Amino acid sequence: MSAAYDFAHSPATEFMARPQHLLIDGRRVPASSGRTFKSLNPATGQAIATIAEGGEADVELAVAAARRAFEGPWRTMRASERGRILLRWADLLRVHADEIIELESIDAGKPVTATMRQDFPAALDTLTYYAGWADKISGDVVPVRDDALTYTMREPVGVVAAIVPWNFPLMIGMWKLAPALACGCTIVMKPAELTSLSALRIAELALEAGLPKGVFNVVTGPGRVVGDALVNHPDVDKVTFTGSPGVGRGIMKGAASNFKRVSLELGGKSANVIFHDADLEAASKAAASGIFFNAGQVCSAGSRVLVQESAYDEVVERLAARARSIKIGDPLDRKTALGPVISEKQMRSILDYVEIGQKEGARLVTGGARVGERGYFISPTVFADVAHEMRISQEEIFGPVVSVIKFKDEADALRIANGTAYSLAAGVWSRDIGKLQRFAKRARAGTVWMNTYGYTDVRLPWGGERDSGLGREHGTAALDNFTEPKAVWMNLAV
């Protein structure tokens with residue numbers, strides 16, 4: 001995105017001005033009911049687009065289209081051609097990068113610089129990575145007995161319902177789309193009601209790239225209607241979901257109706273552990289980024305910073321100083337580091353937790369207040385003197401709020417780090433390699449960062465256990481999510 005990019009007269013502005021219909025069977029169509037809803041800019045609270053409110057009838061049409069495409073052109077297409085279509089789609093995303101980045105920034109309240117540097121490049125990397133996998137998904141010849149040829153093959157699982165969250169709609173959306181399509185599946189996507197625009201735009205570009213009609217469908221609308229209809233639909237074979245543990249439990253119950261395969265990436269209350277012998281400046285800098293990036297609306301946010309007693313006061317001071325220095329403002333301003341949270345409801349929930357923390361006896365060091373009267377901005381918040389048992393230590397706040405917790409030694413740090421219902425990620429800081437390795441081995445987390453925090457890559461598995469979810473995304477694990485193994489026996493004694 002060039003410095004001279006004109007936001008006021010951009011393709012994104014023109015796109016948002018159009019009625020945003022559903023995408024079913026290769027066509028943009030209004031909801032069957034004719035209903036619509038408004039998408040709001042979280043930086044202003046003002047409407048930016050009118051979006052079709054899909055319902056059960058639209059889900060029926062979309063699933064039927066996905067089934068026809070799965071049984072027809074997509075599944076029977078050469079795998080190499082599927083990969084080429086995905087690469088053409090990636091090329092079109094590059095051509096329209098400025099537009100997509102602007103849509104994501106406005107719709108989700110994301111600072112445009114962060115979207116440019118992380119969200120968009122990560123989505124593009126995911127798409128090109130799995131495009132390369134399309135013709136490399138293979139089975140094995142297994143020598144079982146001399147009078148038979150026995151081998152395995154991997155087949156696409158079928159019609160996939162992809163339910164995408166509002167915090168990283170473009171990036172996490174592509175985490176689901178790219179591997180499913182590369183495996184030969186077809187998709188009905190339900191983007192979050194709060195952030196539907198980037199999904200609708202990239203779906204148009206997928207059609208332009210040559211994706212056959214019905215392969216990728218988008219039904220916008222409320223989760224309690226569209227999401228539930230997808231989860232309970234008998235012709236959906238697989239559900240992939242990122243969101244809250246409560247919704248995840250409901251999805252597992254609904255999927256039991258026809259034993260759908262399910263993968264869930266849910267919440268987090270990740271511990272970022274800083275030992276006294278760590279580089280405290282580097283650790284404090286990364287800890288601030290680990291909780292305040294994307295206004296704390298990150299499943300793996302380091303919302304619990306555990307600090308050894310002798311370094312505690314210094315780390316608290318460093319974190320507070322960094323929190324106070326963060327520039328809050330318009331997401332389209334390139335100097336902005338912290339944008340708004342996604343909605344008024346989310347803002348109120350976060351501020352309620354700030355009040356809860358103070359009532360429980362935690363010390364509010366800085367932040368904890370709404371910024372301005374327009375939009376949903378919250379100042380970066382640091383709590384000290386937090387007890388492990390407090391609600392602000394145990395419950396996912398999903399905002400720019402960090403709890404700094406004191407620990408004595410390795411055993412105490414591990415007890416606190418593992419002492420929640422979540423197990424998505426953890427960080428550990430020390431100059432002692434043995435200490436780092438011991439913590440990484442014993443931490444209940446799908447990802448452990450040592451002397452760094454927050455990095456992800458599509459080539460490495462991503463996910464957690466317990467209230468953090470079920471299964472793994474990324475890498476070859478994602479290929480397992482969207483394929484079924486089949487064993488074949490051929491009698492050689494005929």
Side-chain angles (χ1 to χ4, degrees), residues 267-292 296 300-323 353 356-358 360-366 380-397 400-454 464-468:
K269 196 67 182 176
S270 299
N272 198 357
V273 179
I274 302 174
F275 285 94
H276 68 86
D277 62 345
D279 180 336
L280 298 185
E281 170 60 19
S284 300
K285 181 179 179 181
S289 176
I291 180 59
F292 300 133
S300 58
S303 53
R304 295 184 300 146
V305 173
L306 280 54
V307 187
Q308 199 160 17
E309 291 173 324
S310 59
Y312 186 83
D313 291 341
E314 181 178 347
V315 172
V316 169
E317 290 175 7
R318 287 178 181 272
L319 271 175
R322 288 196 170 274
Y353 271 108
I356 288 167
Q358 293 177 91
E360 288 183 320
R363 175 166 57 94
L364 180 62
V365 180
T366 189
T381 304
V382 177
F383 272 109
D385 304 333
V386 178
H388 171 55
E389 298 78 15
M390 290 180 180
R391 287 181 62 188
I392 60 171
S393 171
Q394 292 292 320
E395 299 175 15
E396 188 176 35
I397 299 172
V401 180
V402 63
S403 296
V404 191
I405 303 169
K406 191 179 296 184
F407 71 86
K408 296 178 182 179
D409 52 23
E410 283 186 55
D412 197 31
L414 193 67
R415 175 186 67 83
I416 297 170
N418 287 343
T420 76
Y422 300 99
S423 61
L424 185 58
V428 58
W429 297 78
S430 173
R431 289 186 170 91
D432 183 336
I433 189 67
K435 190 183 297 180
L436 294 174
Q437 290 291 338
R438 287 190 296 272
F439 181 88
K441 184 175 181 179
R442 296 169 185 167
R444 294 198 68 175
T447 294
V448 178
W449 293 290
M450 297 180 181
N451 291 332
T452 188
Y453 196 89
E465 302 170 14
R466 300 184 293 168
D467 278 19
S468 289

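Both backbone and side-chain heavy atoms feed into the values below; hydrogens, waters and symmetry mates do not. Owing to the predicted nature of the structure, the values given are computational and were not obtained by experimental measurement.
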* Qualifying side-chain hydrogen bond (donor to acceptor under 3.5 Å, both in side chains) pairs, either residue in residues 438-451, two or more places apart -> Glu410-Arg438
* Closest non-hydrogen atom pair between Gly296 and Ala301, with its separation -> O-CB, 4.1 Å
* Taking all atoms of both residues into account, what is the closest heavy-atom pair of Gly267 and Ser468, and its distance? -> O-OG, 2.7 Å
* Indicate yes or no for a side-chain donor-acceptor contact from Arg304 to the backbone of Ser403 under 3.5 Å, with no hydrogens or angles considered. => no
* Structure fact -> Correct closest heavy-atom pair for Leu424 and Gly464 would be CD1-N, 3.8 Å
* **Step-by-step side chain to side chain contact (heavy atoms under 4.5 Å, CB included) determination, Val401 to Ile392** => CA-CA 9 Å; Val401 180; Ile392 60 171; 5.8 Å; no
* To do: List the atom of Val316, the atom of Val404, and the distance in Å for their closest heavy-atom pair.
  => CG2-CG1, 3.7 Å
* Under a 4.0 Å N-O cut-off, is there an ion pair linking Arg318 with Glu314? -> yes
* Atom of Ser393, atom of Ile405 and distance for their closest heavy-atom approach -> OG-CD1, 3.5 Å
* Asked: What pairs with Glu395 under salt bridge (Lys or Arg N to Asp or Glu O under 4.0 Å), at least two apart in sequence or on another chain?
  -> Arg391
* Asked: By side-chain contact (heavy atoms from CB on, under 4.5 Å), which residues pair with Asp385, not counting sequence neighbours?
  -> Tyr312, Arg363
* Would you please test Asn272 and Trp429 for side chain to side chain contact (heavy atoms under 4.5 Å, CB included) and show each step? => CA-CA 8 Å; Asn272 198 357; Trp429 297 78; 2.9 Å; yes
